[in-house]
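Presented below is the structure to which this report refers.
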Amino acid sequence: LGVREQNCVAFGVTRNGKAFGNPERDPWGEIVGWAKRFDDGSKGFESGGQRGLTFVHPIPDGAGLDASEPIVLVEGLTDAITAEDMEYTAIGRPGALLKPHLLCPLVKGRHCAIIGENDESGAGKRGAEATAAAIFGTAASVKVIYPPEGAKDLREWRNSPAGCDRKELDVIISRTPPYTPAYTAPARQDFPMRVFPPMTARFITESSQAIGCDRSYVIIPVLGAIA
């Protein structure tokens, strides 16, 4: 990987038989599953777990509060370790299009820079755009950056002959305009909370505030439970 061993340790990477393992966490830092990377390059996931985020817990209180020191959001463990090795606070998603909404509680009020991936399928770009859309309005600001042609991701970009160090990436981030959605949804009326009993309405409101999401994300499972 070309990174310092201490950063692998910080992410909880361990050796188990013929595979390396690392924990994936929910937004509050609880381990919800373990990902595996085998010596032949194949990947796996321990049965019974859930996919989550990869980050060094806890996220520092001051991370991302200054636009010049954004939290770097990437895809996967190796890019997260690479970004952390470049002395950013980094969070890795479990896949291009997997669970970007989990980021919302972690990035609320913080500046973020998403570093997408270049791949032939286009999944890396779709994932970066989906992540930006998911945290837009929750994060203080969002920027989306892609490695130059010839580099698939941040790790390859940093380790390429041209290279990319922290100073260079800081300049690129600073010159990148903030993300704005391509489509702005029309104004909508909020769900009529008066239809719920007071205790249920309070639970919905306080849960959505704690998570940092729209109340509809809590209302839908609540309605399912009531039904």
Side-chain angles (χ1 to χ4, degrees), residues 12 21-36 43-59 61 63-65 71 73-77 80 89-112 114 123-142 144 179-227:
N22 69 276
E24 294 189 359
R25 303 176 183 271
D26 67 17
W28 298 273
E30 294 295 323
I31 295 174
V32 294
W34 281 83
K36 296 179 179 180
K43 298 178 183 179
F45 198 80
E46 284 195 5
S47 61
Q50 302 176 34
R51 299 311 305 258
L53 303 172
T54 303
F55 60 96
V56 178
H57 176 70
I59 296 291
D61 291 339
L65 297 186
I71 294 177
L73 308 178
V74 295
E75 180 185 333
L77 170 69
T89 296
I91 305 174
R93 309 185 313 280
L97 296 167
L98 292 178
K99 301 189 174 183
H101 63 282
L102 290 181
L103 292 163
C104 288
L106 288 170
V107 303
K108 186 175 182 180
R110 303 175 191 258
H111 298 277
C112 298
I114 299 168
K125 183 173 183 179
R126 293 195 299 273
E129 294 292 325
T131 300
I135 65 174
F136 179 78
T138 298
S141 70
V142 184
V144 182
Y179 166 86
T180 54
Y183 168 74
T184 302
R188 63 176 177 78
Q189 293 184 341
D190 198 4
F191 192 93
M193 298 298 292
R194 63 181 181 277
V195 304
F196 291 110
M199 287 296 292
T200 304
R202 180 181 176 184
F203 170 79
I204 292 170
T205 300
E206 292 183 354
S207 296
S208 64
Q209 290 174 347
I211 296 172
C213 68
D214 187 87
R215 284 191 295 196
S216 61
Y217 286 95
V218 181
I219 288 172
I220 292 172
V222 166
L223 288 174
I226 292 174

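Between Gly12 and Pro23, the closest heavy-atom pair is O-CD, 3.4 Å. The shortest heavy-atom contact between Arg215 and Thr205 is NH1-OG1, 3.6 Å. The shortest heavy-atom contact between Lys36 and Glu46 is CE-CG, 3.3 Å. Residues Phe45 and Trp34 share a closest heavy-atom pair of CD1-O, 3.3 Å. Across all non-hydrogen atoms, the minimal contact from Ala123 to Ala96 is O-CB, 3.4 Å. For the residue pair Pro27 and Leu106, the shortest heavy atom distance occurs at O-CD2, 3.1 Å.
A distance of 9.0 Å separates NE2 in His101 from CG in Leu103, rounded to the nearest 0.5 Å. Once rounded to the nearest 0.5 Å, the distance linking CG of Leu77 with NZ of Lys43 reads 9.0 Å. Between atom OG1 of residue Thr200 and atom CD1 of residue Ile219 there is a gap of 11.0 Å, rounded to the nearest 0.5 Å. With values rounded to the nearest 0.5 angstrom, Ile71 atom CD1 is found 10.0 Å from His111 atom NE2. Taken to the nearest 0.5 Å, the CD1 atom of Ile135 stands 14.5 Å off from the SG atom of Cys213. Considering NZ of Lys99 and CZ of Arg51, their distance stands at 8.5 Å, rounded to 0.5 Å.
Thr131 is linked by a side-chain hydrogen bond (donor to acceptor under 3.5 Å, both in side chains) to Arg93, counting only residues two or more places apart in sequence or in another chain.
Counting only heavy atoms from C-beta outward, the side chains of Pro94 and Glu24 approach each other to under 4.5 Å. With contacts defined as side-chain heavy-atom distances shorter than 4.5 Å, the pair Phe55/Leu73 does not qualify. Counting only heavy atoms from C-beta outward, the side chains of Tyr179 and Pro181 approach each other to under 4.5 Å.
The 12-atom threshold is exceeded at CZ of Phe196, counting heavy atoms of other residues, nucleotides or ligands nearer than 6.0 Å. Within 6.0 Å of the NZ atom in Lys125, the count of heavy atoms belonging to other residues, nucleotides or ligands does not exceed 12.
The only member of Val56, Thr54, Leu102, Ile59 that meets side chain to side chain contact (heavy atoms under 4.5 Å, CB included) when paired with Ile91 is Ile59.
Using a distance-only test at 3.5 Å, with no hydrogens or angles considered, a donor-acceptor pair links the side chain of Arg110 to the main chain of Asp61. Using a distance-only test at 3.5 Å, with no hydrogens or angles considered, no donor-acceptor pair links the side chain of Arg126 to the main chain of Leu97.
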- prompt: Between Phe203 and Val222, is a side-chain contact (heavy atoms from CB on, under 4.5 Å) present by the stated rule, with each step listed?
  reply: CA-CA 10 Å; Phe203 170 79; Val222 166; 4.0 Å; yes
